[in-house]
Amino acid sequence: MLEKTFDPKSVEPRLYRAWEESGVFSPDAVLEKNPEAEAFTIVIPPPNVTGSLHIGHALNNTLQDVLTRFERMRGKAALWLPGTDHAGIATQMVVERQLAEQGNIGRRDMGREAFVEKVWEWKAQSGGQIVNQLRRLGASCDWSRERFTLDAGLSAAVRKVFVRLYKEGLIYRDKRLVNWDPHFQTAISDLEVEQREVDGQYWHFAYPLDDGTGEVVVATTRPETMLGDTAVAVHPDDERYTSLIGKLVRLPIVGRLIPIVADDYADPEKGSGAVKITPAHDFNDFQVGKRHDLEAINILDEFGRLNANAPEEFRGLDRFDARKRIVERMEELGLLRGIEKTRHMVPHGDRSGAVIEPYLTDQWYVDAHTLAQPALKAVEEGRTVFEPRHWEKTYFEWLRNIEPWCISRQLWWGHRIPAWYGPDGHLFVEENEEEAQAAAQIHYGEEDVSLRRDEDVLDTWFSSGLWPFSTLGWPEETDDLKRFYPTDILVTSFDIIFFWVARMMMMGLHFTGEVPFERVFINALVRDAKGQKMSKSKGNVVDPLGLVDKYGADALRFTMVALSGPNRDIKLSEQRIEGYRNFGTKLWNAARFCQMNECVRVEGFDPAGVTQTINKWIRGETAKTAAEVTRAIEACAFDDAAGALYRFIWNVFCDWYLELAKPILNGDDGAAQEETRATAAWVLDECLKLLHPVMPFITEELWDKTAEFGGPRNGFLMTAQWPRLPDSYIDAAAEAEIGWLIELVSEIRSIRAEMNVPPSARAPLTLSGASEATRARLTRHRDLIVTLGRLSEVREADEAAAGTVPFVVGEATGALAIAQFIDLAAEKARLTKEIASHAGDIERTAKKLGNADFVARAPEEVVEENRERLAEAEAAKAKLEAALARLATVS
RNA sequence: GGACGCGUAGCUCAGUGGGAGAGCACCUCGUUGACAUCGAGGGGGUCGCAAGUUCAAUCCUUGCCGCGUCCACCA
């Protein structure tokens, strides 16, 4: 006998282990039996190796697992390829912090090799926890194919890609302004910069004209940058300044003579209309500098301190100290013309939180513009489709305005750039040192050349960009690559469309000639119950593993699926999870009911052959549900799938079918009983299959437990065949009949409740005005109606008698003889209200039908539908009016 | 400044050119052997506002109001 409730805590780990050990997560299990099986592939968005499972992962990975389990059950060689990302900055940060906590010497003292070794040690010990957390969620990843972005194979792929892009001219070195993170002392890409609004000030400085005829006032929020000023720009059409163009100002403190140039960049509307130009420390100024051939003077070192290009007194000062100092000095010089408070956006490093400095350095760049073109075309042509579709606009927007991608990082943890410099600085970009040596020997014509390898590593996203094909063995022509690439669908969130999706498209198309995935499903962002973004600082972060502990993985999974509608945000409340836990319990108890009533699977049972109306009906409802769930998952309409499952299992199977089956199961018609038992068992099995992708644990457990009384199963539910039920299972006559039955019982219940008839009171029901078909139905289901309506008997009558409570079902009038419970006033009110409601309906419909344009222009079936509605409403109203009249007579 | 999205029941959200839906919450009743993590019933909405298209608009178009997100911007 099943327990009263399902116990996820004991079942989940046991089942997961059983699945994993049996090898069913791997597509190889399918391919062994059917080498021709169609492939289905998802590569996981590799979580950071430093990460732990957050609610966004729970959502994202649940959806991937639903798709994978679904396709696996449909007989495909389904591969969900897992792995983790080495996460350059994040990991280096974690390990550095840990070294500090343990009182170790720092990274720099330790040296590169030793430090990298430490990171690998850390990875072996505590890295990749998240992978086990995914297991707790029930993720059916093929762990035998697990990859790491820094493993040997992926490293080889990275080197190959780098060298090829370099030789094609799509990777190059350049000296430009980069976003410099003084905390980590590395360049970062535009995407890693986060604009934050902060309090700031404008300082207005006067720069004296060299000829002594006056001054020019400029404003800045970064006074220290004035030390690197090499011009002042004014708009060519700004009449206030036309006479000054070409003149020189003497830069205060520094004493450098700098020109006043005319440039469209200067906006007469802003500030004084004159703007200081610091080409080495401002992106706009850099462009101005290029146009006017200005010197770019770098005044900072890699820590953000003032360097030797600054006057003596400022050297070595932190940029923010220097800022104060500059303001003081300008004030002393009498050149501070004003201070203005402001709130403005300031760039910060997304990892370090440090204020980013535009900084002039040599870095490696990818010609993203060139690579973007095929990536744009592929989506424009629909070779890759985003869902929801509107995200394509975001993708286009970014790719059409893409800037060169700075890929070098001054870190130690990552893919070291395969570039070597000869003694004269000549570059050799090769996949390994031997090849670089060989190239150098050819170049220099000497035997042994001493080469120095580039110190930098690559942006983590460079290797992530290769993920869909590098994980499958590229550049080798592996069987996996042939079979599983391009992948079918990528499931990810919108915040990495630029970082990751776009880069995979660029790299995938360039190196394989094919799109890396045919569909991109953008999942929602999980927020707290109030709709706020979860963040550690707000303290509203929900721990998915805590929820798994409390409610079970299935409940969390169902919640994620049920909330995955077309919206961009998901507001997660615990109440919702609780509700879906209850749903699992409901299913569990339905199985328990089946067990108690010996609803046992019958080998060779064919639902097509059932004869009982309720069995024909539930067979059709099951088929409809299977079709809907299939359609919904195929379309990534996850909420629809969850809704269809919930409604069918709870509101159809449990609320009605099992209730309707009770009289038969307890009755004495042996054949009907046998058929109903077999049907109930069959429906339960179909429920388990259909629900399995969303709630794998409880369904697998029930699959196993029901075998104890239903005979052994042929393998896991996980590998059972997905229901494919023919439309012929739907029987219109049975549907109409059960629909009528449900309506009748509902009416009876409704009246009983409204009249406060005690459940123990059994009342007789009469039915008048019934057609022959209805009378036949009545005969067939008399026992059912009596039981579910808690009636004493059901009679046919010529008309509803006085002292009864009437209601309308179809063409017939039912009447409950519950005179002793009738509150005349309440009953009068009820009838009046219902009559009014019909009257309203009649009025609206009649008006519509009275409109000649409507009758002439609306489709015929709509007109006909309205005519029927009008007739029905009029008939019902008439019956209720008659009842009201009788009521008046009685009183 | 540019782009995108959203305003439907108290809350969270589905939905459709032709009679407004679900879950939760709320109210009433209920210990009939699957289930109180439950059952039966009920109340509750001029579908943000305005105009337009249409025989017909919650749905399509435009404008407005409100909310949110992303991108750009440190004169």
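Nothing here was measured: the structure is a model prediction, and the numbers come from that model. Chain identifiers are assigned alphabetically (A, B, ...) following the order of the sequence lines, protein sequences preceding nucleic acid strands; residue numbering begins at 1 within each chain.
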Less than 4.5 Å apart, any side-chain heavy atom of [X] and any of [Y]?
{"X": "Glu874(A)", "Y": "Leu870(A)", "answer": "yes"}
{"X": "Ile326(A)", "Y": "Phe205(A)", "answer": "yes"}
{"X": "Val501(A)", "Y": "Phe386(A)", "answer": "yes"}
{"X": "His235(A)", "Y": "Tyr265(A)", "answer": "no"}
{"X": "Thr787(A)", "Y": "Lys662(A)", "answer": "no"}

Report which part of the nucleic acid [X] touches: base, sugar-phosphate, or nothing (heavy-atom distance under 4.0 Å, all strands).
{"X": "Ala266(A)", "result": "base"}
{"X": "Tyr265(A)", "result": "base"}
{"X": "Glu403(A)", "result": "nothing"}
{"X": "Arg196(A)", "result": "nothing"}
{"X": "Asn401(A)", "result": "nothing"}
{"X": "Arg752(A)", "result": "nothing"}
{"X": "Leu587(A)", "result": "nothing"}
{"X": "Val218(A)", "result": "nothing"}
{"X": "Met345(A)", "result": "base"}

Same-atom distance ([atom1]) from [N] to [M], integer angstrom:
{"N": "A56(B)", "M": "A3(B)", "atom1": "C1'", "result": "35 Å"}
{"N": "U53(B)", "M": "A14(B)", "atom1": "C1'", "result": "27 Å"}
{"N": "C27(B)", "M": "C70(B)", "atom1": "C1'", "result": "45 Å"}
{"N": "C26(B)", "M": "C11(B)", "atom1": "C1'", "result": "11 Å"}
{"N": "C35(B)", "M": "A40(B)", "atom1": "P", "result": "14 Å"}
{"N": "U37(B)", "M": "A25(B)", "atom1": "P", "result": "12 Å"}
{"N": "C74(B)", "M": "G15(B)", "atom1": "C1'", "result": "47 Å"}
{"N": "C13(B)", "M": "G18(B)", "atom1": "P", "result": "25 Å"}

Is the distance from the ring center of Tyr657(A) to that of Phe648(A) below 6.0 Å? no
Given A75(B), is OP1 or OP2 found less than 4.0 Å from the side-chain N or O atoms of Thr221(A)? yes
Work out which heavy atom in [X] is nearest to a heavy atom in [Y]; give both atom names and the distance.
{"X": "Gly789(A)", "Y": "Arg752(A)", "value": "O-NH1, 3.2 Å"}
{"X": "Tyr395(A)", "Y": "Ala502(A)", "value": "CE1-CA, 3.9 Å"}
{"X": "Val218(A)", "Y": "Ala274(A)", "value": "CG1-O, 3.7 Å"}

Which nucleotide in [options] has an atom nearest any side-chain atom of [X]:
{"X": "Arg568(A)", "options": "A34(B), A75(B), G5(B)", "result": "G5(B)"}
{"X": "Lys662(A)", "options": "C4(B), A75(B), A34(B)", "result": "A34(B)"}
{"X": "His390(A)", "options": "A75(B), G5(B), A34(B)", "result": "G5(B)"}

Spacing between [X] atom [atom1] and [N] atom [atom2], to the nearest angstrom:
{"X": "Tyr395(A)", "N": "C71(B)", "atom1": "OH", "atom2": "P", "answer": "18 Å"}
{"X": "Phe558(A)", "N": "A22(B)", "atom1": "CZ", "atom2": "C1'", "answer": "12 Å"}
{"X": "Asp285(A)", "N": "C73(B)", "atom1": "CG", "atom2": "P", "answer": "13 Å"}
{"X": "Glu197(A)", "N": "A72(B)", "atom1": "CD", "atom2": "P", "answer": "15 Å"}
{"X": "Ile751(A)", "N": "C29(B)", "atom1": "CD1", "atom2": "P", "answer": "20 Å"}
{"X": "Leu2(A)", "N": "C35(B)", "atom1": "CG", "atom2": "P", "answer": "12 Å"}
{"X": "Tyr202(A)", "N": "C74(B)", "atom1": "OH", "atom2": "C1'", "answer": "7 Å"}
{"X": "Met755(A)", "N": "U28(B)", "atom1": "CE", "atom2": "C1'", "answer": "14 Å"}

Phe494(A) and Trp391(A) aromatic ring geometry - parallel, tilted or perpendicular at 30°/60° bounds: parallel
Using 30° and 60° as the class limits, which term best fits the ring planes of Phe6(A) and Trp588(A): parallel, tilted or perpendicular? tilted
Output field dot_bracket for RNA chain B (Watson-Crick or G-U, both distances under 3.5 Å, | for other-strand pairs) contains (((((((..((((....[..)))).(((((.......))))).....(((((..]....))))))))))))....
If you count the non-hydrogen atoms of other residues, nucleotides and ligands that lie under 6.0 Å from CD in Glu843(A), is the total more than 12? no
Tell me whether the count of non-hydrogen atoms from other residues, nucleotides or ligands lying under 6.0 Å of CD in Glu197(A) goes above 12. yes
Produce a footprint string for nucleotides 36-44 of chain B: one letter per nucleotide, 5' end first; B if the base is under 4.0 Å from any protein heavy atom, S if only the sugar-phosphate is, - if neither. SBSSSSSS-
Let me have a per-nucleotide readout for nucleotides 10-21 of chain B, 5' to 3', with B, S or -, counting only protein heavy atoms under 4.0 Å. --BSSS--BB--
Short side-chain donor-acceptor distance under 3.5 Å, Lys4(A) and Thr585(A): no
Can you find a side-chain donor-acceptor pair between Asp229(A) and Thr278(A) that sits under 3.5 Å? yes
Can you work out whether Lys276(A) or Trp391(A) has the more 5'-proximal nearest nucleotide on RNA chain B? Trp391(A)
Starting from the 5' end of RNA chain B, give me the residue, Ser272(A) or Val855(A), whose nearest nucleotide shows up first. Val855(A)
Any donor-acceptor pair under 3.5 Å joining the side chain of Glu397(A) to the base of A72(B)? no
